[in-house]
Amino acid sequence: MAEVKEFTLPDLGEGLTEAEVVRWLVEVGEVVAVDQPVVEVETAKAMVEVPCPYGGVVTARYGAEGEELAVGAPLLTVAVGADASAPAAAEGSGSGGADGVVAEADGADAAEDGGAGETSGAVLVGYGTGAPPARRRRVRPTPVPAAAAGQVNGVASGYGRHAVTPEVPVRAEAAEPVPGPVPVISPLVRRLARQNGVELRTLTGSGPDGLILRADVERAIGAAGAPAAAEPSAAVASAPAADAGEVRIPLRGVRGVVADKMSRSRREIPEATCWVDVDATELLAARRAMNAAGGPDAPKISLLALLARICTAALARYPELNARVDTEAREIVRLERVHVGFAAQTDRGLVVPVVRDAHARSAESLSEELGRLTGAARDGSLTPGELTGSTFTLNNYGVFGVDGSTPIINHPEAAMLGVGRIVPKPWVYEGELAVRQVTQLSLTFDHRVCDGGVAGGFLRYVADCVEQPAVLLRGV
């Protein structure tokens, strides 16, 4: 006898409580292997393919594409065991539920009920037959023919407290497969095309080797006269606004996580900010010299990598800032390893990828890893593990053309260094007025882990390394 097991949405990362179904990778009635990806979901942090821990036949799927599911909610059910192929076979017999959603009943019950009666009779193993109200969906499901709906409801009524009406998939024989892969990497581009009815195979990509980019899809949408679908972070609420001039944007996805984290930071952390203007001319010259020494084919070292390297050296001198506060134990926890997070603005919103063990990396290694993570952030392929666990954050808001800021600490860290734009300004250099490349550095720190003397010492050391990169050589 096959055993039907329920697979629920797992915890996909620190602080995540829900995920949006982007694309189903399996159909009802399909045989899946252990650890085979079955659904692609988008969390507030990353796009993730979720593998199923069971091998067998998929008997039901929960959640339509575009619907949000809470962590712990059912994703699908799988018939596991010797009779696992029964649901697929039962579809052709006409005696089971819709689209192969069938379950084994006890032998005596099956003989007694004959598959008929007011309740389903086709009961999933271990579940009752009462029909609770269906779980509310955010997305309006595709209408189901009355006959099929009756069969589905008959089966769904046996799902116990997790009952929802499983979506009825399109039968495999009705789909017309189109040969050849579609040159698209980003799942976000695929979803944008799907939401606006754009056939990707008809587009000519403007990216490398014909890769279809977001701009290509948006041009196709504009040519068709259809408005581009909003991203989750900017979706307008379905409820009508109280005033005709209001636009309501739900705090969900990335924006929701950012809102919660920033609110918690301001609520829990007594932060203070200090700043200083620095002459970055010599740092820029050092970067040019390092890249020239590597030759034309060598990877270039970014300015952000040099700043990250300076920060790790400063944290070695001032370990008080590589810490967090355990509020329940009333303890300051100093951390031996430095994981540097850096703010990256993407189409999905602000994310903070993390460079692991930054203290053990060279400037070249830091530059390579920063470049990799930045590319992954832009195409939405970062994993939850690459977005959590930072111990110190570097925020280069100068790319937005601003000079200064008082950034909010990335909870539960103890400090964040902000870097403004580098612009030519009049500066007294070696006793004479000169035009130099000047930037502003700001340090926001948790006043519980240290006092102003430590924070000022950290910031002054960073400023000295920016103005005279040779200062770093003392610690090499």
Side-chain angles (χ1 to χ4, degrees), residues 13-15 43-48 254 257-258 261 283 286-287 290-291 294 298-324 333-346 348-399 407-419 441-445 458-459 461-462 465-466 469 472 475-476:
E14 177 184 340
T43 70
K45 294 180 178 290
M47 195 81 67
V48 182
V254 173
V257 169
V258 169
K261 202 161 192 178
L283 182 66
R287 175 175 175 259
M290 294 169 73
N291 287 332
K300 303 301 182 183
I301 295 176
S302 67
L303 183 61
L304 189 63
L306 293 179
L307 292 169
R309 182 67 187 86
I310 291 171
C311 286
T312 59
L315 289 171
R317 284 175 167 253
Y318 299 93
E320 297 92 334
L321 294 173
N322 194 53
R324 58 181 174 83
V333 183
R334 291 188 184 175
L335 308 168
E336 294 182 356
R337 300 164 65 187
V338 179
H339 305 315
V340 174
F342 64 98
Q345 191 70 38
T346 71
R348 298 175 61 240
L350 181 69
V351 295
V352 183
V354 181
V355 178
R356 303 282 171 184
D357 294 317
H359 62 288
R361 293 178 180 267
S362 65
E364 186 173 331
S365 173
L366 284 168
S367 186
E368 181 180 357
E369 183 66 359
L370 285 166
R372 184 189 71 81
L373 291 171
T374 300
R378 287 173 179 166
D379 64 27
S381 62
L382 286 171
T383 65
E386 292 171 328
L387 288 162
T388 55
S390 58
T391 63
F392 181 90
T393 294
L394 181 59
N395 187 1
N396 180 21
Y397 43 75
V399 297
I408 299 176
I409 294 175
N410 186 19
H411 185 279
E413 298 169 18
M416 176 187 291
L417 180 72
V419 183
L441 304 177
S442 61
L443 177 72
T444 299
F445 64 98
F458 175 94
L459 185 58
Y461 179 79
V462 171
C465 290
V466 170
L472 272 176
V476 174

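Values in this document were obtained by computation on a predicted structure and should not be read as measured data.
Across Phe445 and Ile409, no two heavy atoms sit closer than the pair C-CD1, 3.5 Å. Of all heavy-atom pairs spanning Ala323 and Arg334, the tightest one is CB-CA, 4.0 Å. The heavy-atom pair separating His411 from Lys261 by the smallest distance is O-CE, 2.7 Å. Taking each heavy atom of Cys311 and Phe458 in turn, the nearest pair found is O-CE1, 4.2 Å. Nearest heavy-atom pair across Tyr397 and Ser442 is OH-OG, 2.8 Å. The heavy-atom pair separating Leu350 from Ala343 by the smallest distance is CD1-CB, 3.9 Å.
Checking side-chain atoms of Asn291 against main-chain N and O of Lys300 turns up no donor-acceptor pair under 3.5 Å. With Thr391 contributing its side chain and His339 its backbone, the two residues share a donor-acceptor pair below 3.5 Å. Proximity of a side-chain donor or acceptor of Arg361 to a complementary backbone N or O of Arg356 within less than 3.5 Å is detected. With Ser367 contributing its side chain and Ala305 its backbone, the two residues share no donor-acceptor pair below 3.5 Å.
To the nearest 0.5 Å, atom CD of residue Glu364 and atom CD of residue Glu369 are 13.5 Å apart. The OG1 atom of Thr374 lies 6.0 Å from the CG atom of Leu370; values are rounded to the nearest 0.5 Å. The OG1 atom of Thr444 sits 7.5 Å away from the CE atom of Met416 when rounded to the nearest 0.5 Å. In this structure, CG on Asn395 lies 10.0 Å from CG on Leu304, to the nearest 0.5 angstrom. Taken to the nearest 0.5 Å, the CD1 atom of Ile301 stands 3.5 Å off from the CE atom of Met290. Expressed to the nearest 0.5 Å, how far OG1 of Thr312 lies from CZ of Arg317 amounts to 12.0 Å.
Environment of CZ in Arg324: sparse, with no more than 12 heavy atoms of neighbouring residues, nucleotides or ligands closer than 6.0 Å.
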Report the C-alpha distance between Val462 and Leu443 in whole Å, list the side-chain angles of each, state the deciding distance to 0.1 Å, and finish with yes or no for side-chain contact (heavy atoms from CB on, under 4.5 Å). CA-CA 10 Å; Val462 171; Leu443 177 72; over 6 Å; no
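Asn410 has its side chain within reach of Ser390: a pair of non-hydrogen atoms, C-beta onward, lies under 4.5 Å apart. Here the side chains of Leu417 and Leu307 are not in contact, with every heavy-atom distance at 4.5 Å or above. In this structure the side chain of His359 never reaches within 4.5 angstrom of the side chain of Leu315, judged on heavy atoms. With contacts defined as side-chain heavy-atom distances shorter than 4.5 Å, the pair Val338/Asp357 does not qualify.
When the options Leu373, Val354, Val352, Val351 are evaluated for a side chain to side chain contact (heavy atoms under 4.5 Å, CB included) with Glu386, the one that passes is Leu373.
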